[in-house]
Amino acid sequence: MFADSSIRTSKSKKTVTRSFRISEESFTALEEDARHHNVSLNTLVDQLFDAHANYERFLEKMGMMRMAKLTFRRILDHTDPEGVATAATLHAKDQGKVAAISKYGELNVSNILDGLTVMFTYGGWGEFHETRSSHGKRVITLMHDLGPNGSIYLHNFVKTIFEEVAFEPKISTTDQGVVIEI
């Protein structure tokens, strides 16, 4: 679930009070999940609504499907690195670019970073972390458990999507992650 993930929330997030009717079975399941993640039921429900508003509703619109992470890793593991790089490049040029424009109205560096946040926070790709270097640069770390070919995929996706806006960040890769310096 989302309760213990690193979901970024807006500091000035305005809330509204509404009431909804849900089945008793669903309510009980939500209460159990809230207890399991040590958050209030209200926080959990807010995270669920947030996930729907920022990710779920775009899945169908963008022709996406859900796949088990283990299945995707197996596909990556059994594909040569060149094929992985090509698939990532096509993903960025076609789906990534269109998804960003659909969600934000334009493709720019800020929207690419927001898109990567959504991809990792809600899409199950791994963990998104952002810090500042001692030189004042933004450092984004995309951590994953997709293996070496997962890093090849993400590196090529990130490189290509930034090329679409004529921006060239410094990108470094390990078997467990991709680091982007802006």
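Contact record, P169 with E181: CB-O, 3.4 Å, taken as the closest heavy-atom pair. Taking each heavy atom of S151 and G177 in turn, the nearest pair found is OG-N, 3.6 Å. Here the shortest heavy-atom pairing between I161 and I112 reads O-CD1, 3.4 Å. Contact between E31 and L41 at its shortest, heavy atoms only, is N-CD1, 3.9 Å.
Of the possible donor and acceptor atoms, none in the side chain of S102 sits under 3.5 Å from a partner among the backbone N and O of V98. Side-chain atoms of N111 do not come within 3.5 Å of backbone N or O of L107 as any donor-acceptor pair. Proximity of a side-chain donor or acceptor of T141 to a complementary backbone N or O of M143 within less than 3.5 Å is not detected. N156 places no side-chain N or O within 3.5 Å of a backbone atom of V84 that could act as its donor or acceptor partner.
Using a 4.5 Å cut-off between side-chain heavy atoms of Ile, Leu, Val, Met, Phe, Trp and Tyr, with links allowed through other members, V179 and L113 fall into different hydrophobic clusters. Connection of L90 to L146 is not established within any shared hydrophobic cluster, with ILVMFWY side chains joined at heavy-atom distances below 4.5 Å, either directly or through further cluster members. Linking ILVMFWY side-chain heavy atoms closer than 4.5 Å, directly or via other members, places I171 and L142 in a single hydrophobic cluster.
Taken to the nearest 0.5 Å, the CG atom of L44 stands 12.0 Å off from the CG atom of N38. For the atom pair NZ (K159) and CD1 (I180), the distance works out to 13.5 Å, reported to the nearest 0.5 Å. One distance of note links NE2 of H91 with CZ of F157; it measures 4.5 Å at 0.5 Å rounding.
The ring-ring contact (aromatic ring centres under 6.0 Å, His included) contacts involving residues 92-117 comprise nothing, where partners must be two or more places apart or lie in separate chains. Applying the salt bridge (Lys or Arg N to Asp or Glu O under 4.0 Å) rule to pairs touching residues 74-85 yields R73-D77, sequence neighbours excluded.
At a threshold of 4.5 Å between non-hydrogen side-chain atoms, the residues F120 and L154 count as touching. Between N108 and F167 the shortest side-chain heavy-atom distance does not fall below 4.5 Å. No side-chain heavy atom of V118 sits less than 4.5 Å from a side-chain heavy atom of W125. In this structure the side chain of L48 never reaches within 4.5 angstrom of the side chain of H52, judged on heavy atoms. A heavy-atom distance below 4.5 Å is found between the side chains of I140 and R138.
In this view, F27 satisfies the ring-ring contact (aromatic ring centres under 6.0 Å, His included) rule with no residue, not counting sequence neighbours.
Counted within 6.0 Å of NZ on K93, heavy atoms from surrounding residues, nucleotides or ligands total 12 or fewer; the atom is thus considered open. No more than 12 heavy atoms of other residues, nucleotides or ligands sit less than 6.0 Å from atom NZ of K137.
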